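Working notes, structure below.
Values reported hereafter were calculated over all heavy atoms of this structure, with side chains retained and with hydrogens, waters and symmetry mates removed. What you are looking at is a predicted structure, and each value in this text was computed from that prediction instead of being measured. Numbering of residues begins at 1 and proceeds along the displayed sequence.
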Amino acid sequence: MEFLHKYKKFFILGLIVLSLTMMAFTGRNNYEQGVIRSSVGFVLSGGQTMFANIGNWFADRFDFLRNMNNLHAENIRLQFENDRIQIELDRMLHLDEENRMLAEMMHLYRHYADYATIGANIIARDTTNWHDTFTIDRGRNDGIAINMAVLAPGGLAGRISAVGFNYAVVTPLLEDTSAVASQSLRTGGWGVVQGDINLSSHGLLRMNYIDMDADLAIGDEIITSNTSAIFPPGIRIGEITELGQTAGGMRYAVVSPSVDFSRLSAVLIITDEFEFEFLGE
């Protein structure tokens with residue numbers, strides 16, 4: 001007791017120093033732990049943010065690729081659908097064209113009911129020119145003979161120029177070897193309609209040997225004449241689009257044919273026989 005009383009001041013001073021030391025140590029530890037905790041938290045927070053951004057980037061890329069695949073698949077589906085619709089449209093147009101041709105052929109049958117006729121399909125064309133000869137699927141075994149008149153929607157198309165057992169060759173009016181006695185439906189003005197090498201490339205015919213006194217005018221309908229021994233009279237040939245006179249004073253006319261030769265797929269042959277009459281130059 002005397003010892004404690006004697007050294008009381010020193011004892012108290014020691015407790016104060018010890019307390020301050022412990023407080024300082026504890027504060028340092030708390031500070032260091034706070035610094036470490038803050039540093040770790042910063043690193044972890046930054047890492048979490050980085051990984052979150054990377055994850056979001058990959059997610060965006062995945063969504064983008066998935067959307068692209070979906071768009072590609074949809075585009076393919078739409079292309080198939082468009083192709084299907086186009087095929088169906090082409091089929092309907094083809095059927096519509098066939099129906100139109102059948103209707104026109106039926107009209108031909110009825111219009112020329114006084115003649116013996118037979119229908120035929122065009123199976124080949126001369127590749128040298130769009131208006132040159134073409135081949136039909138009727139021949140000698142069907143009663144087809146050379147020089148029979150060939151009709152098409154619109155009027156006269158040409159004549160049979162060669163015959164095989166099951167096929168025949170047609171020389172159309174536009175060929176420069178063709179010639180047919182013709183006249184104006186309005187006045188009876190006479191001439192010879194021929195294929196012309198210069199006009200045929202424009203799908204036109206030339207009417208020659210016109211009488212100087214013949215009454216012809218632009219717009220006149222030209223038909224086969226009753227003077228022809230090849231073609232029956234009254235078959236429509238075309239319409240006058242131009243009138244002129246050669247340097248030698250001969251009259252001529254340009255005729256637009258009533259048959260659209262570029263669209264022919266079927267024809268009608270008049271099987272009544274006529275004697276051949278060549279009316280060329």
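The side-chain heavy atoms of I270 and I235, taken from C-beta on, include a pair separated by under 4.5 Å. For the pair D215/R186, a side-chain contact is recorded, criterion being any heavy-atom separation below 4.5 Å from C-beta on. A 4.5 Å side-chain heavy-atom check between T117 and L151 finds every atom pair outside the cut-off. For the pair R125 and L264, the minimum side-chain heavy-atom distance is below 4.5 Å. Side-chain atoms of L174 and L205, non-hydrogen and from C-beta on, do get closer than 4.5 Å to each other. Residues I160 and V170 form a side-chain contact, since some pair of their non-hydrogen atoms from C-beta on lies under 4.5 Å apart. Residues D176 and Q194 are not in side-chain contact: their nearest non-hydrogen atoms beyond the backbone lie 4.5 Å or more apart.
Contact record, M148 with G143: CE-O, 3.2 Å, taken as the closest heavy-atom pair. When every heavy atom of R251 is checked against every heavy atom of M212, the shortest pair comes out as NH1-O, 3.2 Å. Across every non-hydrogen atom of S256 and T241, the tightest pair is CB-CG2, 3.7 Å. Contact between A149 and L156 at its shortest, heavy atoms only, is CB-CD1, 4.5 Å. Minimum interatomic distance between A179 and F231 (heavy atoms only, all atoms of both residues): O-CE1, 4.1 Å. Nearest heavy atoms, N147 versus I230: O-CG2, 3.3 Å.
The closest donor-acceptor contact from the side chain of T224 to the backbone of P232 lies under 3.5 Å. Between the side chain of S178 and the backbone N or O of P172, at least one donor-acceptor pair lies under 3.5 Å. At least one donor-acceptor pair closer than 3.5 Å links the side chain of S182 to the backbone N or O of G191.
V169 and V267 fall into different hydrophobic clusters, where Ile, Leu, Val, Met, Phe, Trp and Tyr are joined by side-chain heavy atoms under 4.5 Å apart, directly or via other members. The cluster map of Ile, Leu, Val, Met, Phe, Trp and Tyr, joined by side-chain heavy atoms under 4.5 Å apart, puts Y167 and I122 in different clusters.
Atom CE of M207 is separated from atom CD1 of I240 by 5.5 Å, given to the nearest 0.5 angstrom. Expressed to the nearest 0.5 Å, how far CG of N198 lies from CG of L204 amounts to 11.5 Å. Between atom CG of residue L185 and atom CD of residue E239 there is a gap of 11.5 Å, rounded to the nearest 0.5 Å. Atom OG of residue S258 and atom CD1 of residue I237 lie 8.0 Å apart, to the nearest 0.5 angstrom. Here the straight-line distance linking atom CD1 of I136 with atom CD1 of I144 works out to 5.5 Å at 0.5 Å rounding.
With R138 as reference, I118 is the one residue of N121, V163, I118 to meet the side-chain contact (heavy atoms from CB on, under 4.5 Å) rule.
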Exercise. Going through the distances and angles, do I222 and S184 end up as a side chain to side chain contact (heavy atoms under 4.5 Å, CB included)?
Worked result: CA-CA 5 Å; I222 303 301; S184 167; 4.3 Å; yes
For this session: Determine, stepwise, if the pair L199 / V254 fulfils side chain to side chain contact (heavy atoms under 4.5 Å, CB included).
Result: CA-CA 8 Å; L199 293 175; V254 175; 4.2 Å; yes
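Applying the side-chain contact (heavy atoms from CB on, under 4.5 Å) test to A124 and every residue at least two apart in sequence or in another chain returns T135.
Within 6.0 Å of CD1 on I197 lie no more than 12 heavy atoms contributed by other residues, nucleotides or ligands.
Both the sub-6.0 Å distance and the 45° axial angle are satisfied by R206 relative to the ring of Y252.
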